[in-house]
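The structure appears right after this line, and notes come after that.
Order of the sequence lines sets the chain letters (A, B, ...), proteins ahead of strands, with each chain counted from 1.
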Amino acid sequence: MPAAAALKILIVDDQLSVRTVARMSLEKIGVRLIHEAENGQQALKTASIQPLDLIISDFNMPEMDGLALLRAVRGHPALRKTPFILVTGRGDRELVIKAAQAGVNNYLVKPFDQATLQKKMEEVLGRIS
Amino acid sequence: MSSWDELKNTFFEETEDGLQALETGLNDMRDGNGDNETVNAVFRAIHSIKGGAGVFGYESLVGFAHVFETVLDAVRRGNLAVTSEVIDALFSANDTLGGLVAMARSGESVPADFGRNAKEALQHVLNEATDASCEDLGGQGPDSFEGIEFVPVRAEVYDEQADETHHLVIRPQVESWSQAADPLPVLQALRACGSLDLGAETSDVPPLDELQPSRPYLYWTATLRTTARVDELAHIVQPILGAFRVEIAGTPVSAEPPHLEETSSANERSTASDGSQSQSAGTADAQDDPVKPAQPPATKPAVSATIRVDLERIDRVVNMVGELVIAQAMLGQIVQDLPEQAEGRLSQVLEEVIHHTRELKNAVMSMRAQPVRSVFQRMPRLVRELSAKTGKKIRLEMVNEHTEVDKTIIERLSDPLTHIIRNSIDHGIETPDERRAAGKNEEGTIRLSADHRGGRIVIEVRDDGAGINGERVLKKAREKGLVAPDAVVSEEEINNLVFMAGFSTAEIVSDISGRGVGMDVVRRNIQDLGGRISLKSERGRGTMIQLALPLTLAVVDGMIFRVGDETYVMAISAIVECIRPARSDVAPLLGTRGTLRLRGDIVPLVHLSDIFHVNSRISDASQGIVIIIEASDGARTGLVVDELCGHQQVVIKSLEENYGSVPGIAAATILGNGRVAFILDAEELCRRSGEAGPAAARASGHGIANAA
């Protein structure tokens with residue numbers, strides 16, 4: 001049962017506004033250690049500097065999208081185990097299937113509210129206290 | 001403005017960028033210049049607008065963007081040909097999207113039939129798509145995906161995943177012991193792969209009388225539980241191979257050819273995709289940036305990715321980073337002074353702060369960095385002009401002109417470089433006749449190069465001219481009274497005479513150079529930048545002038561140490577190692593305070609207490625610490641200090657600007673305790689110890705008198 005305040009979570013999205021909204025939701029859940037990255041490359045760099053408890057990544061990003069990031073994480077010996085939630089658009093079933101095949105832990109449909117976020121996180125991390 | 005409003009503002013700014021990218025992309029598509037990446041970029045722009053609009057609750061925007069994006073999706077999948085009808089529909093959709101964004105921004109309510117025509121046009125072209133891929137054009141697809149059994153994967157499942165246990169042996173190699181490859185980043189990378197149990201093996205250590213201090217006897221054994229495979233582990237340890245022998249499960253790891261391997265190993269990987277290929281390979285260069293991509297992606301963003309910023313604003317950031325570094329050092333001091341149980345968590349957070357400050361510093365410094373090309377590219381013209389004027393044939397070669405240096409340094413490099421090249425053409429390169437007579441190619445060559453070397457940038461100007469005529473220089477120097485008539489002067493000293501004020505050997509003062517205001521000014525300029533100039537010349541073969549400059553002017557990694565009551569700083573980049581020498585390794589040499597035997601080399605020692613006239617707590621090098629420093633020409637010197645106090649980033653505060661130049665001191669800084677400390681000039685100290693004979697003897701006399 002992880003404590004929210006101890007979780008280190010990385011939000012990946014190319015839009016600052018969307019990242020910030022996600023950050024605010026996480027903060028309401030009680031998460032304190034929140035990192036942000038604008039794209040897949042940056043996310044990998046951040047992830048390699050410190051171990052993360054969860055990566056929440058948007059799919060739609062220039063240069064390295066969320067699926068490519070997921071695959072890179074799963075193919076990286078040091079990051080392989082990092083739990084990963086992919087954020088998708090509504091109705092994007094193909095992407096969810098691909099992500100599941102690539103080893104995603106869960107998905108989130110955008111836009112999401114705090115309750116949904118927490119539910120999806122708990123499905124992966126267990127009950128958050 | 002509430003923070004939510006501010007966020008909305010951010011969203012609309014991002015949306016403006018998106019709309020711009022959208023328009024550019026659509027124009028390219030209309031003009032037939034659009035490739036797959038253009039369509040992708042257009043799709044992404046709409047998709048981002050849709051995503052953000054959803055977050056901020058602009059439902060009509062989401063709905064319209066969804067239909068818009070569906071059409072683009074059909075195009076990029078090749079299900080819909082880009083006919084003029086499609087282009088028209090996309091442009092009208094673009095206008096509608098822009099209108100919807102504007103209304104969302106101003107808070108207007110959207111008229112019921114707004115954009116209906118555009119939407120109908122989109123739906124119409126979609127009907128012609130070969131695969132009506134998206135069923136729900138309402139844009140309100142379900143949150144869950146019917147027909148997909150998605151079971152969230154618990155994080156622990158990965159922990160239980162078949163972790164394997166690997167046994168590693170990491171043994172330093174005797175031959176390359178002095179190469180000092182740092183194993184720490186590699187060990188950290190291994191630890192990051194799973195749970196690592198690392199132990200030092202002492203069984204090879206021989207009895208004391210057989211022990212050779214310079215041989216490594218200790219080695220590590222490691223047990224690693226991880227999901228990483230053997231080939232991945234072998235890849236991680238690559239950076240230290242050579243200096244270390246690494247065995248995994250008893251099998252030695254062999255060195256991989258650095259580049260070839262990257263592609264092959266990535267291809268083998270079943271999970272690897274386009275994105276991860278460049279990725280996984282990067283682990284080898286683990287130091288600062290373990291997952292640096294092998295190549296930057298070639299895609300160009302649709303919106304220009306550069307902005308112009310006033311240098312003044314960047315400098316303000318540089319200053320703030322400087323202040324931040326000082327504040328962080330103070331915080332570090334406070335944490336250090338806390339009782340141990342209180343500091344644990346705090347020092348962890350402080351570590352992160354230090355890490356981020358360092359990243360911040362690097363990021364800011366890289367904003368100021370510019371390729372030296374901007375200076376180099378002025379030189380071809382100069383060479384052309386001068387070669388026309390002198391009738392000499394000269395070819396200019398420029399190497400590594402993309403090397404990046406701080407902007408201030410670039411700006412102040414132009415004059416010295418011009419001087420040096422003028423000199424080279426005027427005095428160095430011979431006329432075609434002379435060159436032919438000397439059996440050389442008629443055409444002289446000047447080679448201009450830039451390199452990063454040991455935390456400095458080294459710029460070299462090398463010509464294949466006549467070299468310096470030592471006798472003529474000496475004669476001239478004696479005439480001018482710069483050298484005593486009976487003094488014995490070494491070749492190096494003769495070369496250095498060129499840098500003295502008022503010196504010129506040109507028999508005829510030409511209008512190109514040789515007015516005697518050349519090289520001394522050049523040296524002054526370079527020294528003002530915290531750099532060093534050196535000259536090597538071989539008669540008949542040519543001259544090489546080397547400028548060694550600091551990379552940045554603001555913050556350096558420093559080693560802090562104490563001599564008596566004084567604290568000093570030395571740039572880490574100049575330090576080779578710090579040792580506490582055995583008494584037997586410190587040998588007195590006539591007229592000096594001694595030399596140090598270091599793994600077969602003799603290193604001159606300099607007692608800082610002598611140079612700066614402070615009372616040291618130690619009388620002999622073996623009681624203190626010796627910091628081995630290296631000048632840019634490779635000369636080594638051991639600085640004898642009382643004790644080391646630690647390593648931290650320090651902000652350079654110019655001494656020249658606030659006081660004046662002091663030989664041996666490069667600058668000042670402010671330490672965590674608020675005190676000012678001097679940053680020492682490694683080049684000068686090395687030079688002093690090199691020429692030191694009499695000076696050091698005087699100094700040592702002084703020191704002894706004090707001790708007595």
Side-chain angles (χ1 to χ4, degrees), chain A residues 13-18 20-22 24 40-41 44-45 47-51 53-54 58 60-65 67-83 87 89-93 96-97 100 102-107 109-112 116 120 123-126, chain B residues 7-8 10-11 14 41 44 47-48 50-52 54-57 66 134-136 139-145 147-148 150 152-156 158-159 161 189 192-193 226-229 232-233 235-236 266 269 271-276 279-280 283 289-293 297 299 301 352 355:
Chain A
D13 196 306
D14 58 333
Q15 284 176 284
L16 173 64
S17 57
V18 176
T20 313
V21 172
M24 284 159 58
Q41 303 288 4
L44 280 170
K45 202 170 161 188
S48 65
I49 292 168
Q50 66 251 298
D53 297 303
L54 179 64
D58 190 27
N60 173 48
M61 292 179 292
E63 295 182 14
M64 186 188 214
D65 65 29
L67 195 58
L69 172 64
L70 169 65
R71 288 177 175 147
V73 166
R74 291 290 177 254
H76 189 293
L79 306 180
R80 185 166 293 160
K81 294 178 185 175
T82 315
V87 180
R90 284 183 197 173
D92 208 344
R93 356 175 358 149
V96 173
I97 295 170
V104 82
N105 293 71
N106 213 343
Y107 68 90
V109 176
K110 204 163 150 177
F112 49 83
T116 317
K120 295 281 186 175
E123 284 173 356
V124 175
L125 302 173
Chain B
L7 261 184
K8 276 188 180 173
T10 311
F11 162 67
E14 286 163 349
R44 268 203 309 270
H47 192 83
S48 290
K50 183 182 101 169
V55 170
F56 292 96
H66 183 73
C134 216
E135 316 83 59
D136 60 296
Q140 308 301 315
D143 269 12
S144 59
F145 299 94
I148 304 178
F150 187 94
V153 184
R154 283 291 290 249
E156 285 86 341
Y158 281 96
D159 289 336
Q161 223 178 39
C193 293
T226 176
T227 53
R229 293 186 312 268
E232 289 168 335
L233 297 180
H235 196 76
I236 291 175
R269 242 156 249 169
T271 51
S273 74
D274 303 358
S276 63
Q279 234 2 230
S280 44
T283 8
D289 202 1
V291 281
K292 198 174 185 171
T299 49
E352 270 198 40
H355 179 87

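- In this structure, the side chains of B:Glu232 and B:Thr226 stay at 4.5 Å or more apart for every pair of heavy atoms.
- Between chain B and the options A:Asn60, A:Val18, A:Asp14, A:Asp53, heavy-atom pairs under 4.5 Å are most frequent for A:Asn60.
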Apply the test side-chain contact (heavy atoms from CB on, under 4.5 Å) to residues A:Val124 and A:Lys120: give CA-CA distance (whole Å), side-chain angles for both, the deciding distance (0.1 Å), then the verdict.
CA-CA 7 Å; A:Val124 175; A:Lys120 295 281 186 175; over 6 Å; no

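- Proximity of a side-chain donor or acceptor of A:Asn105 to a complementary backbone N or O of B:Val153 within less than 3.5 Å is detected.
- When heavy atoms are compared at a cutoff of 4.5 Å, A:Met24 approaches chain B solely by way of its side chain, counted from C-beta outward.
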Between A:Met64 and A:Leu44, does the side-chain contact (heavy atoms from CB on, under 4.5 Å) criterion hold? Intermediate values first, please.
CA-CA 10 Å; A:Met64 186 188 214; A:Leu44 280 170; 3.7 Å; yes

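- At a 4.5 Å heavy-atom cutoff, the contact between A:Pro62 and chain B is made by backbone and side-chain atoms alike.
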